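As the structure lists them, so they are numbered: ligands from 1, and atoms in each ligand from 1. Atoms considered below: every heavy atom in the structure, side chains included; atoms not considered: hydrogens, waters and symmetry mates. For clarity, every value in this text was computed on a predicted model and none was experimentally measured.
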Amino acid sequence: MSEAIPLIELRAIRKCYGGGDTPEVEVLRGISLSIHAGEFVAIVGASGSGKSTLMNLLGCLDRPTSGEYLFAGLDVAGLGADALAWLRREAFGFVFQGYHLIPTESARENVEMPAIYAGLPDAERAARAISLLQRLGLGDRLDHRPSQLSGGQQQRVSIARALMNGGRIILADEPTGALDSRSGEEVMALLNALADAGHTILLITHDREVAAQARRIIEVRDGQVVADSQAAASGETSVSASIVNATPAAASLLGSPQQLVAAMQQGSSARPVFWSDLREACRAAWRVMTINRFRTALTLLGIVIGVAAVIVMLAVGNGAKRNILSQISMFGSKNLYLEPQGESALQNGGRISLDDVAAVREIPNVLAAMPYLEGFYTARYDNRDFRTEIGGVTVEFPLTINWNVARGSFFNTTDENSMAKVVLLGTSVKKALFPDEVDPLGKYVLLNNIPFQVIGLLAEKGAGRGQQDEDNRVVIPYSTASSQIFGSPYPNWVAITLDDPALMHETEQAVDQLMMARHHIKDYRLFNAASFIKGQAKASDTMSLLLGLIAVVSLLVGGIGIMNIMLMTVRERTREIGIRMATGARQRDIMRQFLTEAMLVSLVGGAVGVVLGLLIGGVLVVAGVPIIFSISAILGAFGSAMLAGLIFGYTPAKKAAQLDPVVALASE
Ligand code: ADP
Ligand code: MG
């Protein structure tokens, strides 16, 4: 019954090349022929007569300019790109003069390729490829690259590839053209055996001797059929005798056109097994990356530097922010600060008096108001000198500044009233003057050449704060400081501690009104931790904006690098793309593969960048720079790198997917 419908029927096929600005050439000029399942046909003609053009049309790699192509009764002109890819994959197996193997893949991987696009499970795929190669005498060459094989061996690999999905119709374009006569004979014997087994063979050759081995010879000259031996009516189609088991899809080719259409619809939309496909793409991508190691490394540099820079800078920024916060906690969130507006407390018109301080203490919600006198002087013990800040403070110091005494005790009101010469040392001062003593309490130090008795040690505030060492400080009673050291009663600033910090705003206003009433002009300044935080937040916002810009620029540079390498890859591997298309890859398969490659490049770049960022951060930590790594920054930088890969890999991948199979195959 299937005898009535030829497997392939061409009606008045014409093919023109050129047009537009190049001269138009008509290469095929009305070819009509029909081929039945199981035939072994040689198409013979001189070089340039249009044989390869005809084969590309027969194999659905190209479309005719005019005329009809019926495949098992179905008009191919109406099929979309995916359906044509399905036909190439399930119905045809191509054998080319130049073998057209993918140079970076092993023999086995080359043979497996058509089955990847057909979605055959991994294990079955490998088993089938190995058994095919073994039957073709290449069992010991499975993992060789094409360049490690002889021409005859490469051609046998390509025949195995043609058979991988069943190979119902073998299209062989000058398969012996590049081979020595012995290898050529082997290949012909193989084709003969396949023909015996029921495969339909279309052999294209310029060599009459080779053509003579076929069972029907069609002669082409100047784009027209000039002779057709039409030897057999049709083949015997003994499918069961095939040296390879036909896949179900290939079997349906022998059924009715309706069956074919149904199989095609099902098959062309079927997705390859996702994970297997992804793994395959990753593996291929990884191989290409490692082959071009140096180039890949250079391209990755942009992404690596971008990701590392973002991670390190955010970590440094976070570290700095924590510093600011710790400083703020020293200011205390319950405090309000009052200071003269002039540069110095001694400046005329810019003085806050102790009477002002006393008046501030009377304002509701004010718990304490501590005047502070400060200046740098030399402290001495024995023969050791140390320059330190002397702070004149009241007994309110531990409460307002939230600074505890580590050893001994703070002075009391009696000391203050009697202008006692007592001192509490900050940690740095203690270390400088009493490096070997655990407990200097009771000793006398000279401050500005006046002896003071040590009555306590201040708790350590913590080092590494950058600008100023808070622990390089001694505190003495305010009264003693103003009379003996500074010679001035006016504080440099006043710390005002509130009872209820929620009423900060109201209390600030009350202090302002009081000071205005007492001074009549605004020769003072009031601020609190909140306003300080606000100022710092503004600074850190500017910093974040800058960092964001750096991140965008570096990822942009990295992305452009990826785009560049991918465009290069697509150009270099144009023929590989053609081969993949000829063996049944759909546009989206090609697209996915190159996108996967771009993502893999950026994934590696991102990962290296993260590692580099952490390493640099580690070095900074050792160097004493405060650093806080944030997971979200690391993930964000990494994610952005991947996104850059996706975005910048898209154009090259699309370019690859839209290549014309014939043009891609012909490229060098
Ligand atoms: P054969 O395989 O028989 O040697 P081809 O089919 O390769 O012949 O080529 C037939 C003619 O078509 C040649 O003259 C060739 O120059 C021309 N031709 C083939 N491909 C193209 C193309 N893509 N663009 C323009 N001319 C082409
Ligand atoms: Mg040719």
Side-chain angles (χ1 to χ4, degrees), residues 8 10 12-33 35 41-67 69 76 81 84 88 92-101 151 154-155 158-159 162 169-179 183-184 187-188 191 201-214 216-229 571 574-579 581-583 655-656 658-668:
I8 287 175
L10 300 184
I13 289 284
R14 290 175 181 275
K15 178 71 185 178
C16 300
Y17 286 118
D21 44 1
T22 54
E24 198 178 82
V25 229
E26 191 170 40
V27 178
L28 300 182
R29 299 188 290 170
I31 295 224
S32 298
L33 53 86
I35 295 161
V41 183
I43 296 173
V44 68
S47 178
S49 56
K51 305 182 299 293
S52 294
T53 304
L54 180 59
M55 177 177 119
N56 289 337
L57 291 175
L58 286 169
C60 298
L61 285 168
D62 206 357
R63 291 174 189 270
T65 311
S66 71
Y69 176 4
V76 166
L84 288 180
R88 287 198 292 271
F92 295 103
F94 293 89
V95 178
F96 298 97
Q97 175 173 4
Y99 327 126
H100 282 356
L101 299 174
Q154 289 187 61
Q155 196 59 297
S158 89
I159 290 173
I169 306 162
I170 303 283
L171 284 171
D173 188 357
E174 308 270 11
T176 59
L179 300 179
S183 303
V187 166
M188 285 312 296
L191 290 180
I201 313 270
L202 295 177
L203 168 69
I204 285 167
T205 181
H206 67 276
D207 187 335
R208 288 189 175 278
E209 248 176 80
V210 172
Q213 299 182 47
R216 174 181 167 195
I217 300 174
I218 296 174
E219 198 176 335
V220 178
R221 194 182 301 153
D222 294 331
Q224 280 173 315
V225 176
V226 291
D228 186 347
S229 69
R571 179 167 311 158
T574 302
R575 196 160 70 174
E576 174 189 326
I577 295 165
I579 296 167
M581 286 174 161
T583 55
K655 201 175 152 184
Q658 286 177 342
L659 283 173
D660 180 337
V662 179
V663 175
L665 267 177
S667 86
E668 202 26 70

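- Within a radius of less than 2.8 Å around the Mg ion (ligand 2), the protein N, O or S atoms are S52 OG.
- In this structure, atom 7 (O) of ligand 1 lies nearest to the protein heavy atom S52 CB, 3.5 Å.
- From I13, atom CD1 reaches atom CG of L28 across 8.0 Å, with rounding to the nearest 0.5 Å.
- Distances from atom 15 (C) of ligand 1 to the protein include no heavy-atom value under 4.0 Å.
- Expressed to the nearest 0.5 Å, how far OG of S49 lies from CD of E219 amounts to 9.0 Å.
- The CG atom of L665 lies 10.5 Å from the CG atom of D173; values are rounded to the nearest 0.5 Å.
- Contact of the L54 side chain with the L10 side chain is registered, since non-hydrogen atoms from C-beta on lie closer than 4.5 Å.
- For R29 (side chain) and D222 (main-chain N/O), a donor-acceptor pair under 3.5 Å exists by modelled atom type.
- Residue contacts with ligand 1, taken as heavy atom pairs separated by less than 4.0 Å, do not involve A666 at all.
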Apply side chain to side chain contact (heavy atoms under 4.5 Å, CB included) to L61 and R88, showing your working.
CA-CA 8 Å; L61 285 168; R88 287 198 292 271; 3.5 Å; yes
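- Both the backbone and the side chain of T53 come within 4.0 Å of ligand 1, judged by heavy-atom distances.
- The protein reaches atom 4 (O) of ligand 1 closely, with a heavy atom under 4.0 angstrom from it.
- Given atom 13 (C) of ligand 1, the protein heavy atom at minimum distance is G48 O, 4.1 Å.
- Among protein heavy atoms, the minimum distance from atom 27 (C) of ligand 1 is reached at Y17 CD1, 3.1 Å.
- The shortest N or O to N or O distance between G18 and ligand 1 is not under 3.5 Å.
- From M188, atom CE reaches atom CG of L191 across 5.5 Å, with rounding to the nearest 0.5 Å.
- Considering only non-hydrogen protein atoms, atom 11 (C) of ligand 1 sits nearest to V27 CG1, 3.6 Å.
- Side-chain atoms of K15 come within 3.5 Å of backbone atoms of R63 as a donor-acceptor pair (strictly under, hydrogens ignored).
- Atom numbering of ligand 1 starts at 1 in the shown order; those under 4.0 Å from a heavy atom of S47 are 4 (O).
- Each of the following atoms of ligand 1 lies closer than 4.0 Å to a heavy atom of A46: 3 (O).
- Under the 3.5 Å distance criterion, the side-chain polar atoms of T65 are matched with a main-chain donor or acceptor of C16.
- Close contacts between ligand 1 and K51 involve ligand atoms 1 (P), 2 (O), 3 (O), 4 (O), 6 (O), 8 (O) [criterion: under 4.0 Å to a heavy atom].
- Using a 4.0 Å cut-off between a side-chain N of Lys or Arg and a carboxylate O of Asp or Glu, R216 and D228 qualify as a salt bridge.
- Atom CD1 of residue I35 and atom CD1 of residue I201 lie 11.5 Å apart, to the nearest 0.5 angstrom.
- For the pair G50 and ligand 1, the shortest N or O to N or O distance falls below 3.5 Å.
- Taking the six-membered ring for Trp and thresholds of 30 and 60 degrees, F96 and F94 have nearly parallel ring planes, at less than 30 degrees apart.
- No heavy atom of G45 sits closer than 4.0 Å to any atom of ligand 1.
- Between the side chain of S158 and the main chain of V95, no donor-acceptor pair closer than 3.5 Å is present.
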